[in-house]
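The structure appears below as structure tokens.
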Amino acid sequence: MSNPTDWDDLSQPLEGAAEASAAEGETSPAVGRDEWVARHGERRARREGVLGTLEQRLQVVPWWAWLTLFVGIICLVPVGFESGYVRRVAFDTVVFMLLALGLNVVVGWGGLLDLGYVAFFGVGAYAYALLSSDQYDIHLPTLLVVPIVAIIGGIVGFLVGLPSRRLSGDYLAIVTLFFFQVFLTFTNNGDDVFGHSITNGPNGILNLDQFEIFGWTLERATPDGLFNIVYLYVALVVFTLVYIALHLLNDSRTGRAWRSLREDPLAAELMGMPVNRLKLMAFAFGASVAALTGTFATALNGSVFPQNFEFPLLITVYTMVILGGAGSQAGVVLGAVLISVVLEMLRDAGGDVRAVFYVVILLALTAFFRASTKLAVVLGGTIVFGLLARFVAGEIDASWTAGPVDDTGRIAAWASDWVIVPAHMAGWVAPVAYVGLVALALALTLLNGWVRIAVLVPTLYLAAFVWENVMLPHPESTRYIVLGAILVATMVARPQGLLGEKRVEIV
Amino acid sequence: MDTFIQLTLNGLTLGSVYALIALGYSLVYGILKLLNFAHGDVFMVGSFIGFGVLQLLGGSTDPVVPVWLLLVAITLAAMAGCAVLGVAIERFAYRPLRDAPRIAPLISALGVSFFLAYSMQLLFGAEQRDYDAFALDNGALFFKGFDIGNVRVPLLRIIIIVAAFVLMALLWVLATRTRTGKAMQATSYDREAAAMMGIDIDRVIVFAFVLGSALAGAAGVLFALRAPTFPSIGFLAGLKGFTAAVIGGIGSIPGAMAGGLILGFAEAYTQGYISTKWSDLLVFVILILFMLFRPQGLLGKADIRKV
């Protein structure tokens with residue numbers, strides 16, 4: 001409580017909602033107040049009217065009701081969608097949700113930057129593979145192997161955390177990152193460890209056992225070769241159990257200790273908390289959840305390869321946790337769903353992906369400007385700008401606008417009348433346009449008022465140009481660029497994520 | 001004996017590049033206490049800028065300028081480009097988070113690293129780019145040179161090692177003899193006290209990013225003269241550079257140089273005498289040992305936390 005002005009703020013009557021939130025957001029320093037005080041204005045600034053009442057009603061719905069509703073909706077996915085593809089995506093999403101929950105324990109609650117997280121997922125997968133395949137001819141029963149793997153994951157997490165227990169955030173990040181690298185080196189070169197083959201190297205371990213519970217074999221595929229939804233339900237059961245267990249853990253003594261450790265390790269230590277043990281516990285819990293997830297994900301795939309566990313996967317899970325809000329279980333699950341769906345759409349160019357960009361831009365603009373004249377000016381300006389630019393470009397050289405739009409559909413037809421799509425692009429155009437777009441977008445954050453709107457219009461058009469000509473043809477790079485951009489933007493603009501609580505550093 | 005000389009030479013070449021990368025980590029860490037994960041990717045961008053300028057100047061087979069000028073030009077271009085990139089990263093990804101919890105800029109740095117790596121892959125493809133230094137002057141850089149025993153020391157190696165050491169010496173002079181360098185050291189020692197003494201902290205931080213990123217750009221070019229470069233190279237390069245900085249004592253300039261050379265030698269000898277496959281593992285073991293027994297590194301000073 002170093003800054004007396006915070007208390008002055010509280011004693012002053014707050015006039016209106018907008019003012020209160022403005023005061024919260026900009027003028028008052030973010031350092032030196034605890035969470036309750038920091039959120040005072042937020043509580044006062046609750047919205048009025050129907051929306052405000054709705055918001056208040058929704059806030060009193062208990063967490064287990066939300067969980068039931070959410071799991072229920074996912075259970076209904078197979079009813080609504082016949083296609084094996086959609087069901088498989090739903091399964092992958094649940095896998096991601098579990099991974100995000102586990103990472104949330106380490107990053108969100110423990111406040112530890114664990115860059116080896118995906119390796120624990122891999123440890124679980126490989127442990128399952130070694131314990132239920134012909135590799136060493138071990139075939140343990142499913143109900144035994146799953147807890148064993150979860151425990152193995154926890155032990156490995158404990159061991160990795162052990163040398164790092166004295167280390168502060170950055171060193172821990174590096175040690176875990178190296179552990180990740182060692183895991184990859186080991187799995188990739190594990191076909192020749194002093195002449196023995198342990199992991200078969202890049203060829204992976206094949207023909208793993210399917211799950212077998214109480215005498216029922218859970219087939220991977222239905223008779224006609226589609227994804228078997230039984231695995232979706234297995235994943236959902238595991239998810240629900242893990243979610244409840246972690247929720248209870250967070251409300252327990254340990255959970256509170258973790259939060260205090262995250263806010264200030266030094267103060268926690270002075271209060272007599274076993275800081276090292278708590279850090280190791282967070283590590284082990286996260287690792288154990290990841291390893292557990294590895295079991296059924298691997299059982300479904302039927303094989304395991306080193307390249308399933310590489311750096312992009314780590315960043316994907318991190319983006320889910322950060323976007324959703326580290327520390328909030330509901331948040332990271334939401335993040336997992338959002339990111340998983342977006343990544344899935346960006347798997348191939350064409351189709352609905354093209355529209356995603358325009359929808360996202362429209363939503364972002366609406367959220368930023370609200371429904372004001374500025375929004376109308378920006379949208380109208382961009383459309384007129386685009387038509388003009390396309391007309392001019394077409395007059396100068398007809399081939400500049402003759403490019404094929406590889407997709408049929410309303411959006412494609414509309415875009416081809418508006419965006420410049422050259423038939424053949426010189427090699428330098430893509431880098432220049434892309435770098436220019438990044439530079440303009442960054443410059444926007446420095447500008448204000450009408451200048452910003454004037455710059456926003458060409459930026460939006462350039463973005464559409466880059467999207468159509470550079471990014472859409474290469475979805476495999478685009479999806480990861482999107483992740484990187486989300487990470488930075490979330491950290492800078494809203495560090496608490498979508499559903500997380502604002503963290504305030506107490507000095 | 002010949003193998004040993006050859007490996008020592010390899011280690012020296014590799015180590016001087018690692019040292020240049022490690023310096024960037026150390027400079028930024030010393031002042032901001034921030035682990036700049038994006039540094040390895042700045043190195044990668046540097047090697048690509050060098051490649052681009054090389055193509056603009058006619059490529060290795062048919063350069064429009066003399067070879068020495070070509071080498072100087074691509075190095076300077078990469079240094080300048082990376083300096084701009086480093087400043088932009090600091091301004092937009094780190095500065096807004098300066099008062100945030102420690103973990104926030106680290107995550108932002110991860111995002112920047114990922115963004116850079118995949119942006120390069122988007123624009124230039126994932127395939128390897130070769131400077132093809134062998135074609136310069138019909139292989140003169142490889143054939144000329146002098147002998148130690150039976151081992152030939154090619155001109156290219158000499159150029160790389162000398163360039164790296166000249167840059168390090170320049171940095172050393174800049175950091176210890178100039179006003180800005182002294183301000184940098186003061187800020188690294190105690191940021192608040194330095195600010196009270198009238199040092200413009202923002203300027204010092206930007207300066208550290210300029211220096212560090214420019215060195216990474218130079219390292220990118222020097223590295224790519226011998227081995228092909230590709231967009232995902234930054235990850236491992238950054239990891240090695242950081243390890244070198246930690247071994248030498250993060251925050252310490254001579255420490256980063258020593259750490260880079262040690263790492264280079266360790267890697268070269270492991271690859272030569274034991275196995276190429278497990279050399280990353282050895283680097284990890286060295287790092288863990290240092291963290292357990294001498295967390296402040298070789299030349300760093302122990303970090304005592306005051307409350």
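Note that the structure is predicted; figures quoted are calculated from it, not measured. Chain naming here is simple, since letters A, B, ... match the order of the sequence lines and numbering starts at 1 in each.
- Summarising the geometry, atom CD belonging to B:Gln121 is positioned 6.5 Å from atom CD belonging to A:Glu476; distances are rounded to the nearest 0.5 Å.
- Here the straight-line distance linking atom CZ of B:Phe235 with atom CD of A:Gln181 works out to 5.0 Å at 0.5 Å rounding.
- The candidate with the highest count of non-hydrogen atom pairs below 4.5 Å against chain B, out of A:Pro495, A:Ala485, A:Gly427, A:Gly484, is A:Gly484.
- Between B:Phe115 and A:Ile481, the shortest heavy-atom contact is CE1-CG2, 3.4 Å.
- Counting heavy-atom pairs under 4.5 Å between each of B:Pro105, B:Ala104, B:Gly125, B:Gly111 and chain A puts B:Gly111 at the top.
- Counting heavy atoms of neighbouring residues, nucleotides and ligands inside a 6.0 Å radius, atom CZ of B:Arg98 exceeds 12 of them.
- Only the side chain of A:Ile315 comes within contact range of chain B, with at least one heavy atom under 4.5 Å from a heavy atom of that chain.
- Here A:Leu483 contributes atom CG and B:Phe114 contributes atom CZ; the two are 6.0 Å apart, rounded to the nearest 0.5 Å.
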Exercise for review: Begin from the C-alpha positions of A:Phe178 and B:Val285 and carry the test side-chain contact (heavy atoms from CB on, under 4.5 Å) through to its verdict.
Suggested key: CA-CA 10 Å; A:Phe178 258 103; B:Val285 172; over 6 Å; no
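- At a 4.5 Å heavy-atom cutoff, the contact between A:Pro431 and chain B is made by backbone and side-chain atoms alike.
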Check your understanding: Run the side-chain contact (heavy atoms from CB on, under 4.5 Å) check on B:Leu110 and A:Val488 step by step: do they pass?
Key -> CA-CA 8 Å; B:Leu110 272 183; A:Val488 180; over 6 Å; no
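- Nearest heavy-atom pair across A:Val470 and B:Leu122 is O-CD1, 3.6 Å.
- Environment of CD in B:Glu192: sparse, with no more than 12 heavy atoms of neighbouring residues, nucleotides or ligands closer than 6.0 Å.
- In this structure, no portion of B:Arg95 lies under 4.5 Å from any heavy atom of chain A.
- Heavy atoms closer than 4.5 Å to chain B are found nowhere in A:Val482, neither backbone nor side chain.
- Here A:Leu487 is the residue among A:Thr319, A:Thr478, A:Leu487 with the most heavy-atom pairs under 4.5 Å with chain B.
- The candidate with the highest count of non-hydrogen atom pairs below 4.5 Å against chain A, out of B:Ile107, B:Leu34, B:Leu236, is B:Ile107.
- The CG atom of A:Leu113 sits 5.0 Å away from atom CD1 of B:Ile103, with the distance rounded to the nearest 0.5 Å.
- Of all heavy-atom pairs between B:Phe92 and A:Leu442, the closest is CE2-O, 3.1 Å.
- Of all non-hydrogen atoms in B:Ser108 and A:Met491, the two that sit nearest each other are N-CG, 3.9 Å.
- Neither the backbone nor the side chain of B:Tyr94 comes within contact range of chain A; no heavy atoms are under 4.5 Å apart.
- Rounded to the nearest 0.5 angstrom, A:Tyr480 OH and B:Ser119 OG are separated by 14.5 Å.
- With a 4.5 Å cut-off on non-hydrogen atoms, A:Leu446 touches chain B through its side chain but not through its backbone.
- Proximity to chain B (any heavy atom under 4.5 Å) is restricted, for A:Tyr434, to the side chain, taken from C-beta onward.
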Exercise for review: Test B:Phe242 against A:Leu177 for side-chain contact (heavy atoms from CB on, under 4.5 Å), laying out the working first.
Suggested key: CA-CA 11 Å; B:Phe242 178 77; A:Leu177 192 57; over 6 Å; no
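- For B:Leu116, no part lies near chain A; criterion is any non-hydrogen pair under 4.5 Å.
- Looking at A:Leu115, only its side chain comes within 4.5 Å of chain B, counting heavy atoms on both sides.
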